[in-house]
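One structure below.
As the structure lists them, so they are numbered: ligands from 1, and atoms in each ligand from 1.
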Amino acid sequence: MFDVSERMKKLPPYLFAEIDKKRKKLIAEGKEVISFGVGDPDLPTPERIVNAVRKAVGDPSVHRYPFGKGRADFRKAIADYYKKYSSVSLDPETEICVLIGSKEGIAHFPLAFINPGDVTLVPEPGYPVYQIGTILAGGTPYFMPLKEENDFLPDFGKIPDDVLAKAKILYLNYPNNPTGACADDEFLKDAVRFCKKHNLILLYDAAYHEMYFEGKRPVSFLSIPGAKDIGIEIHSLSKTYNMTGWRIGWACGNEKLVSALATLKENIDSGTFEAIQIAGVECLTGNQEDVVEMRKIYQERRDVLIEGLKKLKFRVKIPVATFYLWLNVGGDSLAFADKLLSEAHIIVTPGIGFGPSGEGYVRFALTIDKNMIKKAIERMENVLK
Ligand SMILES: Cc1ncc(COP(=O)(O)O)c(C=O)c1O
């Protein structure tokens with residue numbers, strides 16, 4: 001009775017479920033757990049944005065179904081943001097669709113383009129929703145390893161011809177979760193050429209676009225010539241403005257891809273609460289001092305963690321963006337994470353959970369303050385001696 005569908009049975013286990021069980025047990029025992037686990041900002045949403053939603057929510061016109069591709073003022077703010085920061089022109093009417101968080105768009109997108117038997121090209125280690133969306137749509141993910149020796153970029157030349165013949169979507173995500181790597185112009189130009197040659201759609205996940213270090217802004221995929229012919233970029237306000245709970249993002253780029261996603265969404269959800277879209281306008285058009293401050297805080301935390309890990313004799317690859325540090329621990333990532341959790345009460349995510357090429361690594365999310373990071377290093381020193 002109530003047997004779940006075959007597609008549900010194909011879903012990979014939820015990465016954090018086991019870790020979370022252990023975390024709860026330790027907390028119930030009164031232990032202080034330091035968590036570098038889930039990538040969820042610990043800082044509050046900036047006051048100017050909270051105030052914008054407070055004000056917006058009082059207007060009854062926002063209480064109704066939002067419908068469509070999103071509010072015109074928010075889509076205009078998105079187009080202006082792309083123009084200002086990435087010199088990309090977007091038509092707000094046809095080339096932008098507001099999402100209920102970028103995860104929603106990523107998960108739904110394959111339903112609009114994948115038929116049973118189709119293949120998608122998925123980076124691993126990677127954000128699990130690329131493969132999950134593919135599986136739920138009846139497709140088959142083909143995994144492209146991201147290796148440190150290739151700067152965590154996939155090698156398109158290694159994808160077999162028979163896979164390419166069935167492939168329909170290529171997923172890329174830079175700045176990258178979990179490796180913290182960025183993609184440069186040359187790689188992105190190559191990706192656009194590759195997609196054109198093999199008739200692939202490119203879904204570019206830019207959820208971490210604003211989280212970069214040392215003032216080195218990542219390249220927007222849409223700024224690459226020809227990008228709009230083959231792809232869409234998926235963006236999020238979650239990490240930039242500490243708004244993971246608000247659920248707001250957008251898809252933009254190729255008109256046909258945006259329009260198909262919007263049609264699909266019209267049949268599944270009814271859009272993003274308009275008061276939150278109004279807050280989205282404030283996010284993009286208001287004073288960006290808080291974003292500058294956010295980068296400063298994560299960079300400081302990153303540097304404290306790097307210094308501590310170096311002291312513990314780890315070989316650290318310095319992340320250039322995101323709020324993750326992908327550490328090579330030189331062996332069994334599950335055993336390493338388990339040791340830290342049971343003996344030092346520190347949570348890190350074992351790399352294997354992001355795909356087989358993640359083995360040998362663990363991911364630290366920089367979502368705790370620097371004093372706790374220092375404390376974590378002291379505890380690690382005691383158990384790793
Ligand atoms: C690579 C990547 N893309 C997308 C998301 C989803 O973000 P949201 O749905 O909050 O916009 C995440 C969240 O952790 C992520 O790591």
Side-chain angles (χ1 to χ4, degrees), residues 12 14-16 19-20 35-43 45 49 70 74 78 96-110 120 122-134 141 144 146 152-154 169-183 202-212 218 220-221 231-252 261 265 268-269 271-273 276-277 279-280 283-284 294 298 319-326 349 351 353-355 358 363-367:
Y14 180 54
L15 182 61
F16 298 107
I19 298 173
D20 208 47
S35 179
F36 293 97
V38 189
D40 193 350
D42 56 316
L43 303 164
T45 308
I49 300 165
F74 184 40
I78 293 167
I96 298 172
C97 174
V98 176
L99 301 172
I100 311 172
S102 63
K103 182 181 194 176
E104 179 264 306
I106 295 166
H108 281 145
F109 186 75
T120 68
V122 173
E124 72 81 14
Y127 183 54
V129 184
Y130 314 131
Q131 61 162 307
I132 288 169
T134 299
M144 307 176 292
L146 304 185
F152 299 112
L153 301 169
I169 301 175
L170 166 69
Y171 293 92
L172 291 176
N173 161 227
Y174 294 98
N176 183 258
N177 173 14
T179 67
C182 276
L202 203 162
L203 185 149
Y204 196 82
D205 179 354
Y208 297 93
H209 187 82
E210 293 295 336
M211 306 187 91
Y212 53 86
S220 161
F221 152 70
I232 53 171
E233 186 159 288
I234 307 259
H235 225 297
S236 172
L237 298 179
S238 283
K239 313 288 162 114
T240 315
Y241 301 98
N242 308 321
M243 288 171 72
T244 46
W246 297 52
R247 311 314 301 135
I248 183 161
W250 67 85
C252 57
L261 179 60
K265 279 171 54 58
I268 294 178
D269 58 65
T272 305
F273 182 27
I276 293 180
Q277 294 189 53
C283 284
L284 299 179
M294 173 273 293
Y298 288 126
V320 289
T322 74
F323 56 7
Y324 300 118
L325 188 141
W326 188 234
T349 310
F354 296 97
R363 190 192 75 175
F364 289 75
L366 299 166
T367 46

*With no hydrogens and no angle check, is any side-chain donor or acceptor of Glu233 less than 3.5 Å from a backbone partner on Phe221?*
yes
*Side-chain donor or acceptor of Ser236 paired with backbone N/O of Gly101 under 3.5 Å*: no
Contacts table for ligand 1: protein N or O within a distance under 3.5 Å of ligand N or O, distances only.
from: ligand 1; atom 1: 3 (N); to: Asp205; atom 2: OD1; distance (Å): 3.3
from: ligand 1; atom 1: 3 (N); to: Asp205; atom 2: OD2; distance (Å): 2.5
from: ligand 1; atom 1: 7 (O); to: Ser102; atom 2: OG; distance (Å): 3.2
from: ligand 1; atom 1: 9 (O); to: Ser102; atom 2: N; distance (Å): 3.2
from: ligand 1; atom 1: 9 (O); to: Lys103; atom 2: N; distance (Å): 2.9
from: ligand 1; atom 1: 9 (O); to: Arg247; atom 2: NH2; distance (Å): 2.7
from: ligand 1; atom 1: 10 (O); to: Ser238; atom 2: OG; distance (Å): 2.6
from: ligand 1; atom 1: 10 (O); to: Arg247; atom 2: NH1; distance (Å): 2.9
from: ligand 1; atom 1: 11 (O); to: Ser102; atom 2: N; distance (Å): 2.8
from: ligand 1; atom 1: 11 (O); to: Ser102; atom 2: OG; distance (Å): 2.7
from: ligand 1; atom 1: 11 (O); to: Ser236; atom 2: OG; distance (Å): 2.6
from: ligand 1; atom 1: 11 (O); to: Ser238; atom 2: OG; distance (Å): 3.4
from: ligand 1; atom 1: 14 (O); to: Tyr208; atom 2: OH; distance (Å): 3.3
from: ligand 1; atom 1: 14 (O); to: Lys239; atom 2: NZ; distance (Å): 2.7
from: ligand 1; atom 1: 16 (O); to: Asn177; atom 2: ND2; distance (Å): 2.8
from: ligand 1; atom 1: 16 (O); to: Tyr208; atom 2: OH; distance (Å): 2.7

*Look at the side chain of Asn173 and the backbone N and O of Pro175, then say whether any donor-acceptor pair between them is shorter than 3.5 Å.*
yes
*asked:* Against Arg247, only a single residue in Ile100, Ile276, Thr272 fulfils side-chain contact (heavy atoms from CB on, under 4.5 Å); can you say which?
replied: Ile100
*asked:* For the backbone of Thr322 and the side chain of Lys239, can you confirm whether one donor and one acceptor N or O come within less than 3.5 Å of each other?
replied: no
*Who pairs with Ala183 by side chain to side chain contact (heavy atoms under 4.5 Å, CB included), at least two apart in sequence or on another chain?*
Leu153, Tyr174, Phe187, Leu188, Tyr204
